[in-house]
Structures are given as structure tokens and as C-alpha cells.
Amino acid sequence: MITLKEALKLNSDDIKKLREDLALNIKQSNIGAYVEQLTNSDITTSGEGVPIAIKDIINVKEWNITCCSNILKGYISPYDATVIKNLREAGLSPFGRANMDEFAMGSSTDTSCYGKTLNPHNINKTAGGSSGGSAAAVAGGIAVAALGTDTGGSVRQPAAYCGVVGMKPTYGRVSRYGVTAYSSSLDQVGPVTQNVEDAAILYDIISGHDPLDSTSANVDYEAITPKLDANKKLTIAVIDNFVDQASPAIKKGFDKAVKALEEAGHTIVHKNMLDTDKILSSYYIVATAEASANLSRYDGVRYGNRKGEGGLKDMYIQTKSQGFGDEVQKRIMLGSFVLSSGYYDAYYIKAQKVRHLIKDEYEAIFNQADLILSPVAPTTAPEFGTFKTSLEMYLSDIYTISVNLAGLPAISLPIEKDEDGMPVGLQLIGRAYDEQTLFNGALSLEKSVNYKK
Ligand code: GLN
């Protein structure tokens, strides 16, 4: 597949051809990366720009955006999210809805109402989640690039499982206007691409202050792609207690990356962080609390497929119990519980305190290092059905979620393949608003490890 950088140089006839070829390839593919076939009007009339796959949670005017939930089937978006407006202004256009876990809650893209996404490297394995469709489309050669959202790892982890690049910007860098909220203080839109430079290009396009989003950071934006420099020598911290918990295949990839970084002239320092179980508890309290508030709007009155004929209460009950899947219902209940009077102080307030602690720990590390190198997930992509309970699945998020709790930018990139041919991905984490250093380090790591697709 042509890279984004190359695609942006094409003339309009070539772009038209690219869109047509892509539509055909999508039709023939069987990994469930997209939630529906493209129609002729998608291919020719929905803008003539370079095609970008869009996670089904980002609003595109006149598209049926559903967050892969039955509750929103048939909902037609009346407007473009700011990131979509930014794409169009830069000569790109949304092309195909990428599959995801329902309302972005999950780590395996198997709770979508449209069915699951398969990993292009091995169809018995998950593509990761929740932006599994975006990552599988790029890895499977059926997208030039894609947008996903990352609340607790949902861009970085599927990218790692599928052997592509996935980036989560600093909280506030990218507008959330028009991006359906899962957990408002954690969500960020991020690029999924074939390489680091494409991620920088797409990141530059979607970033910047947006008056329509009150949580968007009102800071000057300077494009980072023109200043990308893989030769800057950096100090990179390794969090030893994180690495200790990873599988042998991830540890092996980690050692390779550390060696490659040292050979490239970077300095490695060793650090430790708060126990991952504390991070996990804090994340799943904050995320479910915010989710329960955000999802209350799907009540059959304002949004959602209305169900139930037995009066108001019956309508609420039927709309929600028929519209939401099990995992989403579980999280609404958990979130309502931790916010309820009597438990608010014991759970929610405590989780916010731990969140602060995590932020402080990162700050302390960044006093002595420019970047942090960490695993993305404890293993390579697991087979479907590996996790028997939700809790087992939550445990696979231990390395990604603290980054969202602290609001930091991070990028995941492929390092090598394990013995079974599955990609091993690692992430670099940066200081808030210092995406330039993050991308410089990622470019250097990409060059030094020389991953073969
Ligand atoms: N797996 C995490 C969760 O289920 C992260 C999801 C995400 O980043 N959207 O909450």
C-alpha cells in the first residue's frame, strides 16, 4: 500500500484510482476491519481526498455513526467532527467506517455489533482493541492510514498487535468535538499508520486548538513533521517493574530495542513506577464513572433506538437493555456505583488521588529522561477466547492506561516478530506537549530496529 506521504503527492486522477482500487480490495477482504461495504457514492462523492479509514466513533456528516452499538444503528451524523474538518482541509477525506469494540470499551474488537475484526497476521488472533478495525485495515493493506481513539490504549495496543504505528497525543492536543465520548478526561483521537513519518503527518493535520472543545489546549501549535530529526541524542528511561511482568517474547523485543537505542547513541536509565494493579484500579474507576455519565444520553428520548411500549420507565429499561451489549452495561453499573453517595469518597475520590500520584511519578522520571520506553501489552496478540472474564482482559491494559491518566503523548511501533510470526510492539512515552521529541525518538527507534513487515 502506498504511504500517506506518497499519497499526498498524487494528482486528483490518481487519488480517484486509489479510492476505487481500495474500495475493491475492501470488498474482497475478510478480516472485518470495516463495518460495511462502501457504496459508489462513498467512493466518488464523499470528498475527493486521500482516503482515510475512520473509527466508527468519530462523527462524519451524513454517515451512519454507531460506535458499533445496536443502540445507535440508523443514527445519521448531522455534522463533521473537528478532526474530520481538518482532514478535508488538508486534502484527505474520510473513507470507510472502521470496526471497534462497542463504545470503545474493550481490548479485542470482539464486542462490536457488526462482529469481530481478525488480525491480518493470524485470523485466529485478535487485532486488539478498541480501534482494532483501524489497525487491521492499515496492517492488512486496505487503508493508507486511519484514525482511532485512545482512552486507555485503544490506538497503541491494536497497532502493536497488528505491526503498525499508533499514536496517542497529549490530552488536549486534538479536539474531541464530534468524537463520541467514552471517558471525557482520557479520550484522544490518534493516527494509525504504516510508519512513524506518516503518523507525524497525520498528527500534524488533526492537532491544534479548537474553540468548539472546552478541553482543547489553547497553546500555539507548531508542526512537527518539518523538524523531524532521528539524530537527536536522548535520555530514555526504562521502567523495570513494567518489563518484569511481560511475556518472554515481549522481553526479547524489549532487549532488542534497548540495544538498538544504545547503538544509536541514546542513553538508557532505569526507573520504577507505582504497582500496575493500583494503576489498573484507578483507571477502571475513572473510566467507568465518566462512561456512566456520558452514556446516560442514550435513553431513547435524546439518542438511541427507542424500545419498550409500557410507559417512560419501560422505555428507559428496554432501550438500554436491548441497545447496549453486556460489557457496556457492566461498565455503566460499575461507574454508577463508584459515583453513588456513600461510595464516592471510597472509590472515585481515591482513584483521582492515585491518578495524581501517577502523574507525579511520570513527572519525576521526566526530570531525568526525555522519553520512556515501555511494553504496550504483556503479550503479543492473544487468540480469541483467551480472556475468560472482563478482569482478565482489563489486565492486558496495564502498560497503556497510566499514560492516559497522566495525559501524556505516546507512540507504539513494531520492533520485531515473535516465533509465531506475530508482531511485537513497544511504546515510547513523552512529556506533555513535547510530541516533537516523542516523534524524533520514535523515528530513531524505527530506523535502528528495521522491522520487516
Ligand atoms: N481497553 C481499555 C478499556 O476498555 C481502553 C479502551 C480505549 O482506549 N478506548 O477501557
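Ligands are counted one by one from 1 in listed order, and the atoms in each one are counted from 1 as well. Every heavy atom of this structure was used, including side-chain atoms; hydrogens, water molecules and symmetry mates were not. Count residues from 1 along the sequence.
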Side-chain polar contacts of residues 373-386 - donor-acceptor pairs under 3.5 angstrom, sequence neighbours left out - could you list them?
{"from": "S374", "atom 1": "OG", "to": "Q427", "atom 2": "NE2", "distance (Å)": "3.4"}
{"from": "T380", "atom 1": "OG1", "to": "D418", "atom 2": "OD2", "distance (Å)": "3.2"}
{"from": "T386", "atom 1": "OG1", "to": "E383", "atom 2": "N", "distance (Å)": "3.3"}
{"from": "T386", "atom 1": "OG1", "to": "E383", "atom 2": "O", "distance (Å)": "2.5"}

> Hey, is D370 close enough to R431 for a salt bridge, meaning N to O under 4.0 Å?
Replying inline: yes
> CG/D56 to OG/S131 distance, rounded to the nearest 0.5 angstrom?
Replying inline: 11.5 Å
> Does the pair E416/K252 count as a salt bridge with the N-to-O cut at 4.0 Å?
Replying inline: yes
>> For ligand 1, give me the residues whose heavy-atom distance to it is below 4.0 Å, by chain and number please.
In response: A104, M105, G106, S107, S130, D150, T151, G152, G153, S154, Y182, Y283, Y284, R331, D397
>> Applying salt bridge (Lys or Arg N to Asp or Glu O under 4.0 Å) as the test, list every pair that has at least one member in residues 166-179; sequence neighbours left out.
In response: R173-E435
When the side chains of residues 336-350 are checked against the rest of the protein, which donor-acceptor pairs come out under 3.5 Å, sequence neighbours left out?
{"from": "S336", "atom 1": "OG", "to": "I332", "atom 2": "O", "distance (Å)": "2.7"}
{"from": "S340", "atom 1": "OG", "to": "F337", "atom 2": "O", "distance (Å)": "2.6"}
{"from": "Y348", "atom 1": "OH", "to": "Q352", "atom 2": "NE2", "distance (Å)": "2.8"}

